[in-house]
Asker: 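First, the structure itself, so that you have it in front of you.
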Amino acid sequence: MQTKAFAAQSATTPFAPTTIERRAPGPRDVAIEILFCGVCHSDLHTARGEWPGTQYPCVPGHEIIGKVTAVGAEVKKFKPGQIVGVGCLVDSCRTCASCGEGLEQYCDGPVGFTGTYNGPVGGGFNTHGGYSAAITVDQHFVLAIKHAEKDLAAVAPLLCAGITTWSPLKHWKAGPGKKVGIVGIGGLGHMGVKLSHALGAHTVAFTTSPDKVDDAKALGADEVVVSKNDAEMKAHANSFDLIINTVAASHNLDAFTSLLKRDGTMVLVGAPSSPHPSPAVFNLVFKRRGIAGSLIGGLPETQEMLDFCAQNGITSDVEMIRMQDIETAYGRMLKSDVKYRFVIDMASLKNS
Ligand code: NAP
Ligand code: ZN
Ligand code: ZN
């Protein structure tokens, strides 16, 4: 099926309209008309070649909400007309230990997981993501959406920003009695604040933008620290169980590891294109502090997070854009000027 899309043809070419081919649904496939797609900083890193390995043309987008248009003969979970989600994964080996545990993002198979964009596909072609009018996905990688119809645009960012913060919050047991820091109040960070608060943790937001302090409190932060202010930072020394660091740029990690209590962990989810300065080893060894990483989330935990958000009335704070405005949106993202996730209304592409 010929499908309208927006693609970058190289790291330095602005996005422009194109057409891509989507497969007709096989027996286990779900064909989806895309309604909304969130704009993740990973889209920008990939399209602009900031991470190694981008293949062009590049059609990003992995926060997809859409309507089922057709299903294959073996599909029982979904039916035409149903609202569904697709996140960062569209395939994996499904036989390795990680896949068996529902942690498909850590697939140990020969090619690992298949990303919704820039992932491997038969014949060496490149998967294309949600900056497009439609997508066909194996039912295993399709998520049920239980939010009300009016909330759908604001649900899209849960598919990456939501799950990428939910997964480490759950793995490191954020909840009542725990003090959790969220560093960087952008797309991921604002969901981290909402989810940490909803899980019952004492939640502290760290921002470099003083104009985000009131917003961060409204999002659910119990306290907000402007991380450029040394006195504000020092007041929290040795006090955190867990810090989730979402910052998309290289920075000094010691300023945050110093805030962990003994045995506390800082989890890096931000993935800057250039490395952070090496952390000070003594700062870790004297309090058995850890620095860890975490990658998006598997399918079962993504469904768990979506259901938790539907039950608790949690969505993203979004600013709607047209597909044609994507370059402007990227420019604002680079200036930390997103409140707090851009979401593309795909009608703008379909009607163009
Ligand atoms: P975003 O919306 O651009 O938010 C990043 C935030 O980091 C900014 O809003 C800003 O918050 C802060 N920041 C930016 N530059 C900074 C700097 N130089 N120093 C300190 N703070 C800075 O990005 P996002 O979509 O949330 O993504 C964040 C990062 O996570 C990206 O690198 C992305 O690729 C990565 N990511 C990783 C995974 C994973 O699975 N691990 C999944 C999705 C995304 P303040 O204004 O509050 O300081
Ligand atoms: Zn993402
Ligand atoms: Zn696997």
Side-chain angles (χ1 to χ4, degrees), residues 37-48 50-51 60-64 87-89 91-117 129-130 140 156-168 182-193 205-213 215-216 219 221 224-228 244-253 255-256 267-274 276 292-298 316-317 319 329-342:
C37 184
V39 178
C40 179
H41 209 115
S42 302
D43 301 357
L44 187 160
H45 289 309
T46 304
R48 301 224 166 138
E50 294 179 356
W51 292 337
H62 57 203
E63 295 183 336
I64 298 170
C88 306
L89 308 173
D91 207 356
S92 69
C93 85
R94 285 180 256 178
T95 56
C96 73
S98 295
C99 286
E101 287 180 61
L103 296 168
E104 298 88 345
Q105 77 275 32
Y106 302 118
C107 175
D108 308 309
V111 293
F113 71 86
T114 299
T116 303
Y117 57 83
H140 182 77
L158 301 181
L159 276 312
C160 175
I163 185 58
T164 301
T165 49
W166 173 267
S167 183
I182 306 288
V183 186
I185 308 304
L188 266 55
H190 97 287
M191 284 314 307
V193 169
F206 291 90
T207 181
T208 59
S209 308
D211 66 317
K212 292 182 182 173
V213 169
D215 285 356
L219 292 166
V224 185
V225 173
V226 176
S227 53
K228 291 170 179 164
I244 312 270
N245 186 328
T246 79
V247 173
S250 165
H251 63 282
N252 169 21
L253 301 179
F256 296 103
V267 182
L268 303 178
V269 293
S273 52
S274 54
H276 298 299
S294 183
L295 180 67
I296 44 178
S316 221
D317 287 20
E319 180 175 337
Y330 278 15
R332 284 182 52 194
M333 191 147 66
L334 287 171
K335 289 190 276 180
S336 303
D337 177 26
V338 189
K339 307 251 167 91
Y340 281 87
R341 194 60 137 186
F342 292 118

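Order of appearance sets the numbers: ligands from 1, and atoms from 1 within every ligand. The figures that follow rest on heavy atoms only: side chains count, while hydrogens, waters and symmetry mates do not.
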Asker: Using a 4.0 Å cut-off to any heavy atom of L295, which atoms of ligand 1 qualify?
Answerer: 40 (O)
Asker: I need the nearest protein heavy-atom contact for atom 22 (C) of ligand 1: residue, atom name and distance, please.
Answerer: V247 CG1, 3.4 Å
Asker: Taking the side chain from Y106 and the backbone from L295, do they hold a donor-acceptor pair closer than 3.5 Å?
Answerer: yes
Asker: Using a 3.5 Å cut-off on N or O atoms only, is S42 in polar contact with ligand 1?
Answerer: yes
Asker: Polar-atom distance check: V338 versus ligand 1, any N or O pair below 3.5 Å?
Answerer: no
Asker: For H251, which part has a heavy atom under 4.0 Å from ligand 1: side chain, backbone, both, or neither?
Answerer: neither
Asker: Does the pair K212/D337 count as a salt bridge with the N-to-O cut at 4.0 Å?
Answerer: no
Asker: Does the distance from a Lys or Arg side-chain N to an Asp or Glu carboxylate O, for E63 and R341, drop under 4.0 Å?
Answerer: yes
Asker: Within ligand 1, which atoms have a heavy atom of W51 less than 4.0 Å away?
Answerer: 34 (O)
Asker: Does S209 use its side chain to pair, donor to acceptor, with the backbone of D211 at less than 3.5 Å?
Answerer: no
Asker: Within the 3.5 Å criterion, strictly below it, is a donor on N245 or H251 matched to an acceptor on the partner's side chain?
Answerer: yes
Asker: Between CG of L268 and CD1 of I244, what distance do you get to the nearest 0.5 Å?
Answerer: 10.0 Å
Asker: For ligand 1, which atoms sit closer than 4.0 Å to a heavy atom of A249?
Answerer: 17 (C), 18 (N)
Asker: Starting from atom 4 (O) of ligand 1, what is the nearest protein heavy atom, named by residue and atom, and what distance separates them?
Answerer: G186 CA, 3.3 Å
Asker: To the nearest 0.1 Å, how far is atom 10 (C) of ligand 1 from its closest protein heavy atom, and which atom is that?
Answerer: S336 OG, 3.4 Å
Asker: Check the pair L334, R48 against side-chain contact (heavy atoms from CB on, under 4.5 Å), reporting the backbone distance first and the verdict last.
Answerer: CA-CA 12 Å; L334 287 171; R48 301 224 166 138; 3.7 Å; yes
Asker: Could you tell me which atoms of ligand 1, counted from 1 in the order shown, lie closer than 4.0 angstrom to a heavy atom of T246?
Answerer: 28 (C), 29 (C), 30 (O)
Asker: Please compare R332, M333, H190, R341 and report which has the shortest non-hydrogen distance to atom 25 (O) of ligand 1.
Answerer: R341
Asker: Would the distance check show the side chain of T116 and the main-chain N or O of L89 forming a donor-acceptor pair, the cut-off being under 3.5 Å?
Answerer: yes
Asker: Identify the closest protein heavy atom to atom 27 (O) of ligand 1: which residue and atom is it, and at what distance?
Answerer: H41 CB, 3.4 Å
Asker: Before signing off on this row, confirm whether H45 and ligand 1 have an N or O atom pair separated by under 3.5 Å.
Answerer: yes
Asker: Any side-chain to backbone donor/acceptor pair from S98 onto C107? Under 3.5 Å, distance only.
Answerer: no
Asker: Is Y330 in contact with ligand 1, taking contact as a heavy-atom separation below 4.0 Å?
Answerer: no
Asker: Identify the closest protein heavy atom to atom 30 (O) of ligand 1: which residue and atom is it, and at what distance?
Answerer: G270 CA, 3.3 Å
Asker: I'd like the name of whichever of T164, I163, N252 reaches closest to atom 39 (C) of ligand 1 through any heavy atom.
Answerer: T164
Asker: For the side chain of W51 and the backbone of A271, is there at least one donor-acceptor N/O pair under 3.5 Å apart?
Answerer: yes
Asker: I want to know if ligand 1 touches L188 in the polar sense, i.e. an N/O pair below 3.5 angstrom.
Answerer: yes
Asker: Evaluating non-hydrogen atoms only, which member of S294, C160, G184 is closest to atom 43 (C) of ligand 1?
Answerer: C160
Asker: Looking only at protein heavy atoms, identify the closest one to atom 40 (O) of ligand 1 and say how far it is in Å.
Answerer: I296 N, 2.7 Å
Asker: Judging by distance only, is a nitrogen or oxygen of I185 under 3.5 angstrom from one on ligand 1?
Answerer: yes
Asker: Is the backbone of S42 close enough, under 3.5 Å, to the side chain of T46 for a donor and an acceptor to pair up by distance?
Answerer: yes
Asker: Taking the Zn ion (ligand 3) as the vertex, how big is the angle to SG in C96 and SG in C93, rounded to 10°?
Answerer: 100°
Asker: Return yes if some donor-acceptor pair links the side-chain N/O of T165 with the main-chain N/O of G162 below 3.5 Å, else return no.
Answerer: yes
Asker: I'd like to check which ligand 1 atoms, numbered from 1 as shown, lie under 4.0 Å from a non-hydrogen atom of T207.
Answerer: 45 (P), 46 (O), 47 (O), 48 (O)
Asker: Would you say P272 and ligand 1 have an N/O pair spaced under 3.5 Å apart?
Answerer: no
Asker: Below 4.0 angstrom from a heavy atom of S209, which ligand 1 atoms are there? Numbered from 1 as shown, please.
Answerer: 45 (P), 46 (O)
Asker: Give a yes or no answer on whether the side chain of H62 reaches the backbone of C160 with a donor-acceptor pair at less than 3.5 Å.
Answerer: no
Asker: Specify the closest pair of heavy atoms between L159 and I64, including all atoms of both residues, with the distance to one decimal.
Answerer: CD2-O, 3.9 Å
Asker: What's the shortest distance from atom 2 (O) of ligand 1 to any protein heavy atom, and which residue and atom give it?
Answerer: G187 N, 2.9 Å
Asker: To the nearest 10°, how many degrees is the angle H62 NE2 to the Zn ion (ligand 2) to C40 SG?
Answerer: 120°
Asker: From C160, does some N, O or S atom reach closer than 2.8 Å to the Zn ion (ligand 2)?
Answerer: yes
Asker: Could you give the distance from OG (S316) to NE2 (H190), rounded to the nearest 0.5 Å?
Answerer: 3.0 Å
Asker: Less than 4.5 Å apart, side chain to side chain, heavy atoms only: is that true for Y340 and E319?
Answerer: no
Asker: Looking at K212, which atoms of ligand 1 are within less than 4.0 Å of one of its heavy atoms?
Answerer: 9 (O), 11 (O), 45 (P), 46 (O), 47 (O)
Asker: Can you sort out which atoms of ligand 1 are near T208, meaning under 4.0 Å from one of its heavy atoms?
Answerer: 20 (C), 21 (N), 45 (P), 46 (O), 47 (O), 48 (O)
Asker: Geometry only, no angles: is V269 polar-contacting ligand 1 at N/O separations under 3.5 Å?
Answerer: yes
Asker: Ignoring hydrogens and geometry, is there a side-chain-to-backbone donor-acceptor pair from E104 to C99 under 3.5 Å?
Answerer: no
